[in-house]
Amino acid sequence: MPTSEWDRLVGAGGFYLSHAWLRLQEGDPDSPRRYLAARADGRLLGVLPVDDVKHEHNDFYQFSTVLPEGHAAPDRPVTLLGGRGGYNSGLLLDPTLSPAETATTVRALVTRAAEDAERDGRLAVFFYLQDRYRDLVTAVPGVGEPLLARHEAVIDLTGTGWDDYVAALPSDRRRKVRREVRNFDDAGYDVTVGPLTPWLTAAGDMLAAVQQRYGHDADGGGMSEMLAEQIGAAEQHVSFVASDAQGPLGFALAFPFGDTLNMRAGGFAYERLRKGAAEYFNVVYYEPVRWAYRHGLTRIHLGIESLEAKQHRGGRLSPLWVVPVGWSWPDSAAIRAVSRERADDALNW
């Protein structure tokens, strides 16, 4: 399917439903990808990505990661719906459909996915379903209780430039942001904004350092290859690289899509960072904010980690859901109660 036709259906669903991102994932032998498409009179109404997972390498896509303590994980093979790898799943829907047509299209796609999974002895499930799709999906007969699995952060950019971004923050946060920018500027770093390609080796090493810092196995070469694959698949990317006399010591990688700058990865040479220089906040937040304003974008998608820091810098939190399709949790009432508790305390569970 042509990229333009595919991305027309993405709408507000964002980068992780785009042609580029989903196409990148199709080569994973541990998670064969197929697509369910709804058509009427030759018109494409909607698409649902479907992954029949053989082996899941990412702990964030394991039931044990999202279920509360004391709830056993289902023991059947999983069919992931709505995409994977970006913690941001959903459906592609023709934006010209009426509400009733949209509901009918979602019902057809989700029902077929449930039937296919049941036939194959699998459990169909959305992991990290965007909140915008929740009511549409849960209205389909046979869909189980949604579990609040994570929150994501998005900065909605108001006005036309950096001063407007700062002005929208609470007064104590405005002072902190200005101080962090001043300290970063005083450190004398060079900041390069543009393609990541010249910095791939260093970026891989810095990304591996982040992974290792949080207990994950990672090596610089493997991380460089992954970054190269992602920027090679996307139509456009931008990186923010901070350097000193020894070379790069911090980077952030982002993908523009529609009206949103999607922050994807970042890394640092921790041993070379200077006390109080706020390299992380400037490279991962403030430089991308300036770039987004310059290019007319209105949102920055920041993802699921470090939510308190993101909220303090203007991030709006939105829930992401794990939704069983064609089956139910053993205790749906308990799942509902857990979701309420997590909604009430988004930063601390």
Side-chain angles (χ1 to χ4, degrees), residues 3 7 14-16 18-25 27-28 85-86 155 162 180-181 183-214 216-274 277-297 299-303 305-306:
T3 300
D7 287 346
F15 174 71
Y16 295 106
S18 70
H19 188 280
W21 181 258
L22 293 174
R23 182 71 179 270
L24 175 66
Q25 300 173 327
D28 186 352
I155 296 175
W162 171 258
E180 288 169 343
V181 171
N183 291 349
F184 182 77
D185 289 343
D186 290 346
Y189 296 120
D190 292 324
V191 177
T192 303
V193 179
L196 185 63
T197 310
W199 317 104
L200 274 174
T201 299
D205 291 338
M206 290 187 285
L207 180 55
V210 173
Q211 298 295 314
Q212 294 161 6
R213 187 182 182 94
Y214 293 99
H216 304 294
D217 291 331
D219 68 272
M223 293 295 98
S224 295
E225 290 180 9
M226 182 193 72
L227 293 171
E229 289 176 355
Q230 292 184 6
I231 66 177
E235 290 189 2
Q236 185 181 6
H237 78 277
V238 61
S239 70
F240 308 88
V241 181
S243 303
D244 62 11
Q246 299 179 55
L249 54 73
F251 87 99
L253 171 66
F255 295 99
F257 186 83
D259 64 356
T260 303
L261 184 64
N262 300 274
M263 304 307 299
R264 177 60 195 164
F268 294 87
Y270 290 105
E271 71 282 359
R272 288 167 46 210
L273 303 185
R274 304 179 192 179
E279 295 94 344
Y280 171 77
F281 297 117
N282 280 272
V283 171
V284 175
Y285 296 92
Y286 307 147
E287 289 294 335
V289 164
R290 291 188 179 96
W291 189 93
Y293 272 119
R294 290 197 300 271
H295 290 82
L297 304 186
R299 299 170 75 243
I300 299 181
H301 184 265
L302 298 171
E305 299 282 21
S306 305

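Numbering starts at 1 and runs along the sequence shown.
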Verdict with reasoning, T3 to E235, per side chain to side chain contact (heavy atoms under 4.5 Å, CB included): CA-CA 10 Å; T3 300; E235 290 189 2; 3.3 Å; yes

Residue pair H295 / P256, side-chain heavy-atom distance below 4.5 Å: no

CH2 on W162 to OH on Y293, rounded to 0.5 Å: 9.0 Å

Steps toward side chain to side chain contact (heavy atoms under 4.5 Å, CB included) verdict (L207, M226): CA-CA 10 Å; L207 180 55; M226 182 193 72; 3.6 Å; yes

Euclidean distance, M223 CE relative to Q212 CD, rounded to 0.5 Å: 9.5 Å

Test item: Q230 and W21 side chains (from C-beta on) under 4.5 Å apart, heavy atoms: yes

Approximate separation, where rounding is to 0.5 Å, of N282 CG and Y189 OH: 10.0 Å

Option passing side chain to side chain contact (heavy atoms under 4.5 Å, CB included) with F251 (candidates T192, L200, V241): V241

Check: D7 side chain, H19 main-chain N or O, donor-acceptor pair, under 3.5 Å: yes

Test item: V210 and Y270 side chains (from C-beta on) under 4.5 Å apart, heavy atoms: yes

Donor-acceptor pair, side chain of N262 and main chain of F255, under 3.5 angstrom: yes

Minimal non-hydrogen separation, F281 against E180, with atom names: CD1-OE2, 3.5 Å

Minimum heavy-atom distance G250-M206, with the two atoms named: N-SD, 3.3 Å

Donor-acceptor pair, side chain of S239 and main chain of G194, under 3.5 angstrom: yes

Closest non-hydrogen atom pair between A234 and A20, with its separation: CA-CB, 3.9 Å

Side-chain touch V284/F268, heavy atoms, less than 4.5 angstrom: yes

Evaluation steps, side chain to side chain contact (heavy atoms under 4.5 Å, CB included), between F257 and Y16: CA-CA 9 Å; F257 186 83; Y16 295 106; over 6 Å; no

Euclidean distance, N183 CG relative to R274 CZ, rounded to 0.5 Å: 12.0 Å

Exercise: identify the closest heavy-atom pair between L227 and A265: CD2-CB, 4.1 Å

Shortest non-hydrogen contact from A278 toward F184: O-CD1, 4.1 Å

Nearest non-hydrogen partners of A208 and G220, listed with the distance: CB-N, 3.7 Å

From R272 atom CZ to D244 atom CG, the distance as rounded to the nearest 0.5 Å: 4.5 Å

Contacts of type side chain to side chain donor-acceptor pair (under 3.5 Å), residue H301, not counting sequence neighbours: E152

Nearest-0.5 Å distance that lies between atom CD in Q236 and atom CD1 in I231: 12.5 Å

Derivation and outcome, side chain to side chain contact (heavy atoms under 4.5 Å, CB included), residues L297 and T260: CA-CA 6 Å; L297 304 186; T260 303; over 6 Å; no

Non-hydrogen side-chain atoms of Y285 and I300 separated by less than 4.5 Å: no

